[in-house]
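Accompanying notes for the structure given below.
Note: hydrogens, waters and symmetry copies are ignored here, and every other heavy atom, side chains too, is used.
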Amino acid sequence: MAELKVNFHVTRYNPEKDPKPYIQTYSVAVNDGMTVLDGLHWIKENLDPTLVWRYSCRMGICGSCGMLINGTPTLACNTQILHLSQTDITVGPLPNFEIIRDLVPDLLSMFEKHAAVHPNIIRPEAELTDRTGEFYQSPEELEAYLQFTYCIKCGCCMGACPTLATDVRYLGPMPLTALQRYNADSRDEGFKVRAQVASADGGAFRCHYAGECSRVCPKGVDPGKAIQLLKRKLVLDYLHLANRKKPCPKLEGPGHGKLLPNMTAPPRTIPE
Amino acid sequence: MSNGTKYWTWHMAAGVVLLILLGLHMIIMHMGGTLHLFSPTGPDAVSIANSQWRDSKICFTITYILLLGVGLYHGLYGLRTILLELTLKPAVEKAVTLLLTLTGLALFVLGSWAAWAAHTIAGGRA
Amino acid sequence: MAAITRHNNRLGVWGWLGGGRWGIERYAYILHRLTGLGILLYLLMHTVVTSLRVRNIYLWTEGGFFHQPIFRLGEFCVVAAFAFHAFNGIRLVLVELGFAVGKPIEPIYPYKTSVGVQRPLLIAVMVLALLFLLVGAYNFLGLAR
Ligand code: HEM
Ligand code: SF4
Ligand code: SF4
Ligand code: FES
């Protein structure tokens, strides 16, 4: 395929010089298959070594390269330029965070909120440290939270959420999804502790299901779903209608608990 | 548990109650021409005669008071939600909550009193 | 070294509206807000105005202050706002209580999300709201008389 020139309209901001961000346009030589991340590299190598962004894995795993691309928060490494446009694309830092420089948002506020939701299994210390047995969890129990574990903490959902556009306290889709991930885990006993966080002013009820987080999430985590399931649990618990299942037991040793029938691998999702 | 879940649960419940009561209210008041519900004295649903006929019925008086209370709670809680999402100072947030609560209570008292008084005037027996 | 400043990139109230690239649930959300506020404003005034009937003041009837066409139109807007808010409210109650978002699934590309699960519901309630509005308009325009 012939090489194309695509204009990258990139947000620039140097806190030591610039009073506020501005847009700089670069003409990028684009080949088929090039991602927006590749385009940024091309700019840095060929046009402007001062351009700054954050990335690491360049394969949609590390969650570093979340940006506002053509008005949608998404991963630069997971977005092909020619899938968006043959002529012009805009690249900006994720909204709803402070900008450190150019395309680099300060994600610390998100990570602090993440830490605040108790994103870990809560069980009596003795049970967690005693190494003689495993927790028994059925495949169905695993499915109740598995989807929410795929989150890579990229913050795209945080950049898309309308509530976070004004509300500094709102925990936001990523931390609330992490909260629901542990609430839904059959090994966990921490519902009461997390309910405190989730029903407080910055909690789950600041979500109005605008659905943006689910739409933009590059990993199919569906934070909107997690948050609504969380609200459901909170309300049912308040009305004393929640079924209070005991957390799953610890197996005493080999042979204790249910053994799985012959297992087969799931069907392939890509052609051989 | 913090009270957030409690208030929000009742906000949702109020929405469902409003759906039924306010739905009826809207149909009676604005679709009189088509449906002629509870307006025995003529097609204009909001004529004085029709208003007074409804005021004389105790079930209307009671639903008016219920509708008012539920509507005020639902609406003012919703307004509070919106205002609190603006990242206000804690003192301002307290003031907002207080102001909205007082507004709600004042209007509830006024409206309930009026509904009751109208019922008595329209000839309904207490 | 100069103190490093940062640029606050929160979108502010305009961020509620979103840009042209957001989905229809975003617009439903913002309309739900606006109509909710509109109906609330009306309710506050309505309570005072109707309470005056105790003093035998009927401002909304023939010759009354609120019988002017502009207020009649305003009232119809309230009916319209109600139609949207109420029917969309049904969807929100179902969605936000976790009835219409589906169960957690394995995320396999192309991803299916809860947004798609509740979309038919959104379309259904909007059709109902429109029907309600049409009947309201039929009455408003006096066609029923
Ligand atoms: C007719 C039945 C109604 C239903 C089913 C309904 C339903 C709802 C629901 C489910 C919400 C929550 C939205 C969220 O948290 O995302 C809401 C919010 C709201 N409602 Fe209603 N509502 C109704 C009537 C009313 C009335 C009569 C008023 C005004 C007095 C009103 C004012 C509001 C306001 C101001 C909000 C806040 C909007 C926001 O947070 O974005 N609603 N309504
Ligand atoms: S939920 Fe999705 S969009 Fe949000 S941080 Fe996790 S991976 Fe990123
Ligand atoms: S669904 Fe909730 S958390 Fe997700 S973007 Fe919308 S308001 Fe934010
Ligand atoms: S560089 Fe790791 S997710 Fe894009």
Where does B:Tyr64 contact chain C at under 4.5 Å (heavy atoms): side chain, backbone, both or neither? side chain
How far apart are the C-alpha atoms of B:Trp10 and B:Lys6, what are their side-chain angles, what is the distance that settles it, and do they pass the side chain to side chain contact (heavy atoms under 4.5 Å, CB included) test? CA-CA 6 Å; B:Trp10 292 112; B:Lys6 180 161 85 188; 4.0 Å; yes
Using salt bridge (charged side-chain N to carboxylate O under 4.0 Å, His left out) as the criterion, list what pairs up with B:Glu85, not counting sequence neighbours. A:Arg206, C:Arg33
Side chain, backbone, both or neither: which part of B:Leu72 has an atom under 4.5 Å from a heavy atom of chain C? both
Is it the side chain or the backbone of B:Thr9 that comes within 4.5 Å of chain C heavy atoms, both, or neither? neither
N-O pairing of B:Arg80 and B:Glu93 below 4.0 Å: no
C:Val79 and C:Phe140: side chain to side chain contact (heavy atoms under 4.5 Å, CB included), yes or no, with the steps? CA-CA 10 Å; C:Val79 176; C:Phe140 173 67; over 6 Å; no
For C:Phe132, is it the side chain, the backbone, both or neither that has a heavy atom under 4.5 Å from a heavy atom of chain B? both
For B:His11, is it the side chain, the backbone, both, or neither that has a heavy atom closer than 4.5 Å to a heavy atom of chain C? neither
Winner by heavy-atom pair count (cut-off under 4.5 Å) against chain B, out of C:Thr61, C:Ile39, C:Asn56, C:Leu52: C:Thr61
For a side chain to side chain donor-acceptor pair (under 3.5 Å) check, start with the C-alpha distance between C:Asn88 and C:His32, then their side-chain angles and the critical distance, and finish with the verdict. CA-CA 7 Å; C:Asn88 190 49; C:His32 197 81; 3.1 Å; yes
Taking all non-hydrogen atoms of both residues, which atom of B:Trp53 and which atom of B:Phe60 are closest, and how far apart? CZ3-CE1, 4.4 Å
Max heavy-atom pair count under 4.5 Å with chain C, selected residue of B:Val16, B:Leu110, B:Ile48: B:Ile48
Option that, when pairs with chain B are counted at under 4.5 Å, heavy atom only, ranks first among C:Leu92, C:Val13, C:Leu44: C:Leu44
